[in-house]
Number of protein chains: 2
Amino acid sequence: MTDEEPQLTDVPVTAVLFALSDPTRLDMVIELRGLGETPCGTLRTDLPKATRSHHLKVLREAGLTRQRREGTAKYLRLREDELAQRFPGLLDTVLADAAAHR
Amino acid sequence: MTDEEPQLTDVPVTAVLFALSDPTRLDMVIELRGLGETPCGTLRTDLPKATRSHHLKVLREAGLTRQRREGTAKYLRLREDELAQRFPGLLDTVLADAAAHR
DNA sequence: GCCGATGTTCGAGAAAAGTCGAACTAGTTC
DNA sequence: GAACTAGTTCGACTTTTCTCGAACATCGGC
């Protein structure tokens, strides 16, 4: 219903792990971190937009990303600081490993 | 087929995250860490053993645990050192958070 | 060899997730 | 207000995961 991102404290750690446990979504997070703030449409452009939108919703609802509208586009960014605060090192460790193993 | 645990380096990070993203399995890991080395049957004893065995298999195949037979029992332990080496801080962070939010 | 104890595997049903075309919404521009 | 752009939602389908009873395997001990 609501388009709002959750408070990170309200999200179970299992939901965060689950969101990151899908290769497609992890790709998106990797790309997103490389790009900084970017429109939804720039991530995994090989996928149909319905699929992309689905995965971005999972990431958003897990508290990993924020979206902000600007014109017709929606800009995405990783909630890195908040994530680092609640899960120190987690994102860095996961992304470093994902980057190394490819 | 094989009963062997995988090399941790052969397991995709997504598989590790997936294994930890299920509340039942995360419970098992928490209990397991508290108990050190313990027989399979001591974790989540509220569940039927087929279910328990299923989740323990997921954990094993994700490289999170090792099993060793001793008499009729199989002793389980977390591969903490190996995990810490490949994913520094990850397990600590996840388990600390899970312990805090309950 | 027969039990009892501990786990695994099989198989079937239920629930959850992933995929993606098509229809829809919201904002911008002309 | 028609057309265009960027994303979301709906609906249907497929695939994966979860659950758990029942049958099976393995290891003692008697």
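The structure presented is a predicted model; accordingly, all values stated were derived computationally and were not measured. Proteins come first, then strands; the chains are lettered A, B, ... in the order of their sequence lines, and each starts at number 1.
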*Who are the salt bridge (charged side-chain N to carboxylate O under 4.0 Å, His left out) partners of A:Asp27, not counting sequence neighbours?*
A:Arg44, A:Arg102
*Which pairs pass side-chain hydrogen bond (donor to acceptor under 3.5 Å, both in side chains) with one or both residues in residues 8-20 of chain A, sequence neighbours excluded?*
none
*Contacts of type side-chain hydrogen bond (donor to acceptor under 3.5 Å, both in side chains), residue B:Glu70, not counting sequence neighbours*: B:Arg68
*Tell me: CG of B:Leu56 to P of D:dC18, nearest whole Å?*
13 Å
Quick one: which protein N/O atoms are closer than 3.5 Å to N/O atoms of nucleotides 28-30 of chain D? Pair and distance per line, please.
none

*Any side-chain heavy-atom pair of B:Asp22 and A:Leu17 under 4.5 Å*: no
_For the student: nearest non-hydrogen atoms of A:Thr65 and A:Leu32, plus distance_ = CG2-CD2, 3.8 Å
*With sequence neighbours left out, what residues match B:Thr42 under side-chain hydrogen bond (donor to acceptor under 3.5 Å, both in side chains)?*
B:Thr38
*Does the side chain of B:Leu83 reach to within under 4.5 Å of the side chain of B:Leu90, using non-hydrogen atoms?*
no
_At under 4.0 Å between heavy atoms, how does the protein contact nucleotides 13-23 of chain C? Give one character per nucleotide, 5' to 3', with B, S or -._
----SSBBBB-
*Nearest-Å distance, CZ (A:Arg68) to C1' (C:dA26)?*
16 Å
*Hydrophobic cluster partners of A:Val58 (side-chain heavy atoms under 4.5 Å)*: none
*Return the value, rounded to whole Å, for the distance between atom CZ of A:Arg60 and atom C1' of D:dT9.*
12 Å
*Side-chain contact test, heavy atoms from C-beta onward, threshold under 4.5 Å: evaluate it for A:Val94 versus B:Val16 and give yes or no.*
no
*In whole Å, what is the span from the CE atom of A:Met28 to the P atom of D:dG7?*
11 Å
_Residues that A:Glu80 engages under side-chain contact (heavy atoms from CB on, under 4.5 Å), provided they are two or more places apart_ = A:Arg33, A:Leu78, A:Leu91
_Contacting residues from residues 30-40 of chain A, given that a heavy atom lies under 4.0 angstrom of DNA chain D_ = A:Pro39, A:Cys40
*Just compare D:dA6, C:dT9, D:dT26 and give me whichever is closest to any side-chain atom of B:Arg69.*
D:dT26
_Interatomic distance where CZ belongs to B:Arg52 and P belongs to C:dT6 [whole Å]_ = 10 Å
_In this structure, how many angstroms lie between the C1' atom of D:dT17 and the CD atom of B:Glu61, rounded?_
13 Å
*Measure the shortest side-chain to side-chain distance between B:Leu20 and A:Val13 over non-hydrogen atoms and say whether it is less than 4.5 angstrom.*
no
*Interatomic distance where CG belongs to B:Asp27 and P belongs to D:dC18 [whole Å]*: 14 Å
*Tell me the salt bridge (Lys or Arg N to Asp or Glu O under 4.0 Å) pairs involving residues 82-91 of chain B, sequence neighbours left out?*
A:Asp97-B:Arg86, B:Arg66-B:Glu82, B:Arg79-B:Glu82
Distance-only check: which donor-acceptor pairs under 3.5 Å involve side-chain atoms of residues 48-56 of chain B, not counting sequence neighbours?
residue : atom : partner : partner atom : Å
B:Arg52 : NH2  : B:Leu47 : O            : 3.1
B:His55 : ND1  : B:Arg25 : NH1          : 3.1

*Separation of A:Gln67 atom CD from D:dA6 atom P, in whole Å?*
15 Å
*So if you build clusters from Ile, Leu, Val, Met, Phe, Trp, Tyr with side-chain heavy-atom gaps below 4.5 Å, do B:Leu35 and B:Tyr75 land together?*
no
Please write out each protein N/O paired with an N/O of nucleotides 11-15 of chain D under 3.5 Å, distance rounded to 0.1 Å.
none

